[in-house]
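Fair warning: this is a prediction, and the values are worked out from it, not measured in the lab.
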Amino acid sequence: MRIKLTHNYSKKSLAVFTKLKELLLAEDFQLVDEQPDIIITVGGDGTLLSAFEKHQDLIDSVRFIGLHTGHLGFYTDWREYDLERLIEGLKKDTGEYIEYPLLDVTVFCTQGQEPRHYLALNESTIKRHDSTLVCDVGIRDELFERFRGDGLCVSTPTGSTGLNKSLGGAVLHPRLKALQLTEMASLNNRVFRTLSSPLVIAPDEWINLKPINTDSFMLSIDQNVYHEHHVKSVQYRISDKTIRFARYEHTHFWDRVEDAFLGAKKRHES
């Protein structure tokens with residue numbers, strides 16, 4: 001098995017990374033930089049998102065393991081006190097995994113350039129920096145509404161627990177494989193109206209966002225922000241690709257949600 005280790009640079013993460021590396025080498029695992037079978041991230045969700053972004057060309061073959069060293073991690077199943085159990089899981093690995101849907105983002109330009117494609121694990125947003133965003137929202141190829149406000153967020157089911165949730169969106173189980181569109185501070189009065197409610201889009205449908213009367217806006221893809229110019233539209237759909245997590249003691253989705261937002265059961269049952 002070929003394993004790649006990556007980490008953030010907090011003091012705790014570096015210490016855990018060093019210990020994990022020693023344990024892996026002691027068990028004769030092959031540590032590599034290129035073409036890994038498994039990528040282990042030491043840090044938090046941001047570290048895992050960075051690893052996902054850097055290794056999207058391997059997404060069909062690689063599995064991820066997240067080792068958490070901070071205060072809150074949604075994709076990171078393991079803690080620093082789990083290293084020995086993690087090593088045992090790796091030694092008994094049979095190739096099992098759990099997979100989560102990804103968001104496919106396509107940017108269509110107005111000046112003849114080729115469309116640009118991105119993959120997001122959590123969400124993508126579109127907004128203006130210094131003024132109201134005016135944007136036509138289409139579902140499939142039909143106009144649904146004209147949005148005016150701060151911006152729009154399109155999230156995956158696992159990403160529904162992030163920015164989407166803070167905007168009032170629903171938390172979706174990953175098996176639904178649906179997109180969710182939520183508004184950021186929409187303008188709603190007797191002149192301008194939006195549905196003003198999160199939309200959950202079926203996996204065989206897509207969302208088109210077409211900025212109106214602007215040649216520039218900000219597009220975020222997970223942690224990254226791009227300043228876009230001369231864009232005709234942005235299309236969102238569930239990707240045919242997924243992210244895979246090696247499954248040794250993978251936490252159930254709703255246990256993960258409860259622990260992240262409500263606290264561990266033992267705390268509120270005591």
J.: Evaluate Val42 against Leu5 for side chain to side chain contact (heavy atoms under 4.5 Å, CB included), listing each step before the verdict.
T.: CA-CA 8 Å; Val42 181; Leu5 297 180; 5.5 Å; no
J.: CG of Leu24 to CG of Leu20: how many Å apart, nearest 0.5 Å?
T.: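 Between Leu24 CG and Leu20 CG, I get 4.5 Å after rounding to 0.5 Å.
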J.: Compare every heavy atom of Pro115 with every heavy atom of Thr106, then report the nearest pair and how far apart it is.
T.: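 Shortest heavy-atom separation between Thr106 and Pro115 comes out as CG2-CB, 3.8 Å.
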J.: Check the hydrophobic clustering (I, L, V, M, F, W, Y; side-chain heavy atoms under 4.5 Å; chains of links allowed) and say if Leu167 and Val200 are grouped together.
T.: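 The answer is no; the residues belong to distinct hydrophobic clusters.
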J.: Do Ile98 and Arg244 come within less than 4.5 Å of each other through their side chains, counting heavy atoms only?
T.: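 Side chain of Ile98 against side chain of Arg244, heavy atoms only: no contact under 4.5 Å found.
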J.: For residues Ile65 and Leu83: do they belong to one hydrophobic cluster (side chain heavy atoms under 4.5 Å, members Ile, Leu, Val, Met, Phe, Trp, Tyr)?
T.: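 Same cluster.
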J.: Would you say the side chain of Tyr236 lies within less than 4.5 Å of the side chain of Asp104, judging by non-hydrogen atoms?
T.: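 No, too far: nothing below the 4.5 Å cut-off.
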J.: Do Glu80 side-chain atoms and Thr69 backbone N/O form a donor-acceptor pair below 3.5 Å?
T.: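 Between the backbone of Thr69 and the side chain of Glu80 there is no qualifying donor-acceptor contact (under 3.5 Å).
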J.: Does the side chain of Ser13 come under 3.5 Å of the side chain of His7 through a donor N or O and an acceptor N or O?
T.: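 No.
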J.: Rounded to the nearest 0.5 Å, how far does CD1 of Ile59 lie from CG of Asp57?
T.: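 Asp57 CG to Ile59 CD1: 9.0 Å, rounded to 0.5 Å.
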J.: Within the distance-only criterion (no hydrogens, no angle test), does the side chain of Asp136 pair as donor or acceptor with the backbone N or O of Lys210 below 3.5 angstrom?
T.: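 No; zero donor-acceptor contacts below 3.5 Å.
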J.: Could you report the tightest heavy-atom contact between Asn189 and Arg193, atom names first, then the distance?
T.: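 What the structure gives for the nearest pair is O-CD, 2.9 Å.
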J.: Is there a side chain to side chain contact (heavy atoms under 4.5 Å, CB included) between Asp60 and Lys241? Walk through the geometry before answering.
T.: CA-CA 7 Å; Asp60 293 329; Lys241 298 182 180 294; 3.0 Å; yes
J.: Do Ile126 and Pro211 come within less than 4.5 Å of each other through their side chains, counting heavy atoms only?
T.: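 Yes, close enough: below the 4.5 Å cut-off.
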J.: Please work out which of the three classes, parallel, tilted or perpendicular, describes the rings of Phe261 and Phe74, given edges at 30° and 60°.
T.: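 Aromatic pair Phe74/Phe261 classed tilted.
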J.: Using the side chain to side chain contact (heavy atoms under 4.5 Å, CB included) rule, take Leu48 and Leu121 through it: C-alpha gap first, then chi angles, then the decisive distance, then the call.
T.: CA-CA 10 Å; Leu48 193 139; Leu121 177 55; 4.0 Å; yes
J.: Is there a salt bridge (Lys or Arg N to Asp or Glu O under 4.0 Å) between Arg247 and Asp77 once you walk through the steps?
T.: CA-CA 10 Å; Arg247 188 171 191 175; Asp77 293 322; over 6 Å; no
J.: What closest approach, in Å, do Leu119 and Asp222 show between heavy atoms, and which atom pair accounts for it?
T.: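 Taking Leu119 first and Asp222 second, the nearest heavy atoms are O-OD2, 4.5 Å.
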J.: Treating Ser124 as the side-chain partner and Ser220 as the backbone partner, does any N or O pair qualify as donor plus acceptor under 3.5 Å?
T.: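 Pair found, side chain donor or acceptor close to backbone of Ser220.
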J.: Side chains of Phe245 and Phe64: closer than 4.5 Å at any heavy-atom pair?
T.: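 A side-chain contact exists here, since the closest heavy-atom pair is under 4.5 Å.
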J.: So how far is it from Asn224 CG to Leu219 CG, rounded to the nearest 0.5 Å?
T.: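 It is 10.0 Å, given to the nearest 0.5 Å.
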J.: Just checking, any donor-acceptor pair under 3.5 angstrom between side chains of Asn164 and Glu123?
T.: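 There is no such pair (donor and acceptor under 3.5 Å, judged by atom type) between the side chains of Asn164 and Glu123.
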J.: Return the CD1 to NZ distance between Ile39 and Lys54, rounded to the nearest 0.5 Å.
T.: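 Spacing of CD1 (Ile39) from NZ (Lys54) equals 10.5 Å.
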J.: So, do Lys4 and His55 sit near enough that their side-chain heavy atoms are less than 4.5 Å apart?
T.: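 A side-chain contact exists here, since the closest heavy-atom pair is under 4.5 Å.
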J.: Is the closest side-chain heavy-atom distance between Thr41 and Phe52 below 4.5 Å?
T.: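 Counting from C-beta outward, Thr41 and Phe52 never come under 4.5 Å.
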J.: Taking NZ in Lys12 as the centre, count heavy atoms belonging to other residues, nucleotides or ligands within less than 6.0 Å. Is the count above 12?
T.: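 Correct, the count exceeds 12.
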J.: Take Asp37 and Val62, measure what side chain to side chain contact (heavy atoms under 4.5 Å, CB included) needs, and give me the verdict at the end.
T.: CA-CA 5 Å; Asp37 302 305; Val62 75; over 6 Å; no
J.: Under a plain distance cut-off of 3.5 Å, with no hydrogens placed, do Thr156 and Asn122 share a side-chain donor-acceptor pair?
T.: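 No, Thr156 and Asn122 have no side-chain donor paired with an acceptor closer than 3.5 Å.
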J.: Checking Glu22 now: which residues fulfil side-chain hydrogen bond (donor to acceptor under 3.5 Å, both in side chains) with it, not counting sequence neighbours?
T.: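 Per chain and number, Glu22 pairs via side-chain hydrogen bond (donor to acceptor under 3.5 Å, both in side chains) with no residue.
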J.: Taking 4.0 angstrom as the limit, do Asp93 and Arg63 come out as a salt bridge?
T.: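 Salt bridge: yes.
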J.: Any chance you could measure Arg237, atom CZ, to Leu102, atom CG, to the nearest 0.5 Å?
T.: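 Those atoms lie 14.5 Å apart.
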J.: Quick one: do Leu103 and Phe217 end up in the same hydrophobic cluster if we chain Ile, Leu, Val, Met, Phe, Trp and Tyr together by side-chain heavy atoms under 4.5 Å apart?
T.: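 Yes; tracing contacts between hydrophobic side chains, which count when under 4.5 Å, links both residues.
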J.: What I'd like to find out is whether the side chain of Thr76 reaches to under 4.5 Å of the side chain of Thr47, using heavy atoms alone.
T.: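 No, every pair of side-chain atoms sits at 4.5 Å or beyond.
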J.: Are side-chain N/O atoms of Thr242 and Tyr100 paired as donor and acceptor at under 3.5 Å?
T.: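 Checked: Thr242/Tyr100 side chains show no N/O donor-acceptor pair below 3.5 Å.
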J.: Do we see a donor-acceptor contact under 3.5 Å between the side chains of Ser216 and Glu228?
T.: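 No, no side-chain donor-acceptor pair sits under 3.5 Å.
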J.: Is any side-chain heavy atom of Phe108 less than 4.5 Å from a side-chain heavy atom of Val234?
T.: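 Counting from C-beta outward, Phe108 and Val234 never come under 4.5 Å.
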J.: How close do Cys135 and Leu152 get, heavy atom to heavy atom, and via which atoms?
T.: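 Closest approach of Cys135 to Leu152: SG-CD1, 4.2 Å.
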J.: Can you give the donor-acceptor pairs under 3.5 Å from side chains of residues 173-182 to other protein atoms, not counting sequence neighbours?
T.:
unit_1	atom_1	unit_2	atom_2	d
His173	ND1	Arg175	N	3.1
Gln180	OE1	Ala170	N	2.7
Gln180	NE2	Ala170	O	2.9

J.: Does any N or O in the side chain of Ser186 come within less than 3.5 Å of the main-chain N or O of Asn188, such that one atom is a donor and the other an acceptor?
T.: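 Between the backbone of Asn188 and the side chain of Ser186 there is no qualifying donor-acceptor contact (under 3.5 Å).
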J.: Checking the side chain of Ser166 only, and the main-chain atoms of Leu163 only, is there a donor and an acceptor separated by less than 3.5 Å?
T.: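 Side chain of Ser166 to backbone of Leu163, a donor-acceptor pair under 3.5 Å: yes, one is there.
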J.: Show the nearest heavy-atom pair for residues Lys21 and Leu31, with the distance to one decimal.
T.: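 Taking every non-hydrogen atom into account, CG-CD1, 3.6 Å.
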J.: Check whether any side-chain N or O of Arg2 sits under 3.5 Å from a backbone N or O of Gln35 as a donor-acceptor pair, and report yes or no.
T.: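 Checking the backbone N and O of Gln35 against the side chain of Arg2, a donor-acceptor pair under 3.5 Å is found.
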J.: Do you know the tightest heavy-atom contact between His129 and Met218?
T.: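 Looking at all heavy atoms of both residues, the shortest contact is CA-CE, 3.6 Å.
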J.: For Glu96, is the CD atom crowded, meaning more than 12 foreign heavy atoms sit under 6.0 Å from it?
T.: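 Not buried by this count: 12 neighbours or fewer within 6.0 Å.
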J.: Tell me whether Leu187 is reachable from Val137 by hopping between hydrophobic residues (I, L, V, M, F, W, Y) whose side-chain heavy atoms are closer than 4.5 Å.
T.: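 Per the 4.5 Å side-chain linkage, Val137 and Leu187 are not co-clustered.
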J.: If you measure from CD on Glu205 to CG on Leu199, what distance do you get to the nearest 0.5 Å?
T.: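 CG of Leu199 is found 10.5 Å from CD of Glu205.
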J.: Counting only heavy atoms not in Glu34, do more than 12 fall under 6.0 Å of its CD?
T.: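 12 or below, so no.
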J.: Is it the case that one hydrophobic cluster holds both Leu25 and Phe29, taking links as side-chain heavy atoms less than 4.5 Å apart, direct or via other members?
T.: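 Both belong to a single hydrophobic cluster.
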J.: Does a side-chain N-to-carboxylate-O contact under 4.0 Å join Asp82 and Arg85?
T.: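 Yes, this pair counts.
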